[in-house]
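Basis for what follows: all heavy atoms, side chains included, without hydrogens, waters or symmetry-related copies.
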Amino acid sequence: MSVLLTGSIAYDTVLSHEGTFARQFVETNLANLNTTFLARGMRRDFGGCAANIAVSMKRLGGDPVLWGAVGTDGDAYLERFRSMGIRTDGIAKLEDAYTAQCFILTDANGCQLGAFHPGATERTPEVPWPVIDGEKVRPTVAILSPGGRATTLHAAKACTERGVPYIFDVGQELPLFSGRELTEILMGSIGIAYSEYESQLFEAATGLSPAAIAAKGKFVLRTLGKKGAELLEAGTATPQFIETVPVKAVSAVGAGDAMRGGLLAGLSMGLSLLESARLGAVASAHKVAAATAQDYQLDLETARRDYASVWGEAPF
């Protein structure tokens, strides 16, 4: 059961600030912001929301199909996907663009500031619908992860036209859309995945709280950082809490993507939405225990053990 993933395929530069953003911003005039955060820690890695989700899903036995583009510097990424068994049929290489680049600054509290150059990713509308072995892909579900305004709007339309149910993963690109656009993409979806902070921004832009979204027949997966996550199934009023799997935290970068990969892997196995979200929590924990968005160890047997340690016998 293949799953279509749209969104960014990017190189990540992650910088670490030893202090807190809050302290420095409090002491700064935000209307005339001009400040520098000292970052002694730095690393450059493979990242991007869609790519991170694909890696998590693949490690749990899923079949992710990426639909997007890399730039002239994208050969290393394409080779990485192939070495992991992730198909690249739906990825175009554009010679007149760079692969998307994300610069992430984190502080001692795990808060993040980011700058994102979409590069080739935002030109996904130029890339034909994926074709594998001569046939157009017919995914059972899709996820629209952050990849630029045009990419998300195009992907939502393409999925709707083909009858492919999709999950709206709005992410940090929420400010790129009007309230009307956010509502339209949501209403075409089967559900939404966002962070606690993003849920507040979404509600401010659309007037739709998590409970109101669920009342409209969509599921809501709201991540709460180290506190865990909440799942509201379509038509329900009471959220189900999803505990975290205990780990020694190293970096939160990419944790939400790993959770979405686990969620999609679970759905493709035929697990319930709650069971799939719990599998996502397992994937997220393994990511948090590693320094980078993709370089963590995970397989289905390990996931089964960790799932059982929190929720009892695993259903997969």
Side-chain angles (χ1 to χ4, degrees), residues 3-10 47-57 62 64-68 100 102 112 114 116 118 121-122 124 139-160 164-177 181-203 205-206 208 210 213-214 218-225 229-232 234 242 252-268 273 276-277 279-281 283-284 287 293:
V3 176
L4 185 72
L5 315 180
T6 70
S8 60
I9 301 168
C49 295
N52 294 343
I53 294 169
V55 168
S56 172
M57 188 180 172
V65 177
L66 287 158
W67 179 25
C102 188
Q112 297 181 11
F116 182 66
T121 288
E122 68 177 357
T124 297
T140 55
V141 69
I143 186 167
L144 313 187
S145 69
R149 181 175 178 278
T151 291
T152 300
L153 292 171
H154 178 75
K157 183 173 183 291
C159 287
T160 299
V164 177
Y166 68 83
I167 298 167
F168 187 18
D169 178 13
V170 60
Q172 295 177 343
E173 291 186 341
L174 189 150
L176 300 180
F177 300 92
E181 288 170 333
L182 291 171
T183 301
E184 288 179 353
I185 299 170
L186 170 71
M187 294 310 297
S189 75
I190 59 172
I192 188 169
Y194 50 20
S195 70
E196 185 174 20
Y197 176 65
E198 290 158 2
S199 73
Q200 294 168 359
L201 295 181
F202 193 92
E203 184 172 354
T206 65
L208 295 171
I213 294 172
K218 317 297 177 182
F219 79 78
V220 179
L221 178 63
R222 186 168 69 144
T223 57
L224 308 172
E230 289 180 343
L231 175 67
L232 263 171
I242 300 167
V253 174
D257 297 331
M259 184 168 198
R260 286 152 176 77
L263 172 77
L264 291 166
L267 293 176
S268 67
L273 190 56
S276 298
L279 180 57
S284 181
K287 200 268 95 185

Taking the side chain as C-beta and beyond, is there a heavy-atom pair between [X] and [Y] under 4.5 Å?
X	Y	answer
Leu201	Val170	no
Pro146	Phe116	no
Tyr166	Pro139	no
Leu263	Leu273	yes
Ile192	Lys218	no
Leu208	Leu182	no
Ile185	Thr152	yes
Phe177	Glu184	no

Identify the two heavy atoms, one from [X] and one from [Y], that lie closest to each other, and give their separation to 0.1 Å.
X	Y	answer
Asn52	Asp257	ND2-OD2, 2.9 Å
Glu198	Ser195	OE1-N, 2.9 Å
Ala54	Pro64	O-CG, 3.7 Å
Leu221	Ala229	CD1-CB, 4.4 Å
Ile242	Ala277	CD1-CB, 3.3 Å
Ala50	Ser145	N-OG, 3.5 Å

Only one of Thr223, Leu264, Leu279 forms a side-chain contact (heavy atoms from CB on, under 4.5 Å) with Met259, so which one is it? Thr223

For [Y], is there any backbone N or O sitting under 3.5 Å from a side-chain donor or acceptor partner on [X]?
X	Y	answer
Ser268	Ala265	yes
Glu173	Gly147	yes
Ser8	Gly48	no
Ser284	Ala281	no

Let me confirm one number: the [atom1]-[atom2] distance from [X] to [Y], rounded to the nearest 0.5 Å.
X	Y	atom1	atom2	result
Trp67	Cys159	CH2	SG	6.5 Å
Leu5	Leu66	CG	CG	5.0 Å
Thr206	Leu174	OG1	CG	8.5 Å
Leu144	Leu153	CG	CG	9.5 Å
Gln200	Arg222	CD	CZ	7.5 Å
Arg260	Asp169	CZ	CG	4.0 Å

Measure the acute angle between the ring planes of Phe202 and Phe168, then classify it against the limits of 30° and 60° as parallel, tilted or perpendicular.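 Rings of Phe202 and Phe168: perpendicular, over 60°.
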
Considering only residues two or more places apart or on different chains, which pairs with a residue in residues 145-157 satisfy salt bridge (charged side-chain N to carboxylate O under 4.0 Å, His left out)? Arg149-Glu181, Lys157-Glu161

Please report the C-alpha distance between Val3 and Ile53 in whole Å, then the side-chain angles of each, then the deciding distance to 0.1 Å, and finally whether the side-chain contact (heavy atoms from CB on, under 4.5 Å) criterion is met. CA-CA 11 Å; Val3 176; Ile53 294 169; over 6 Å; no

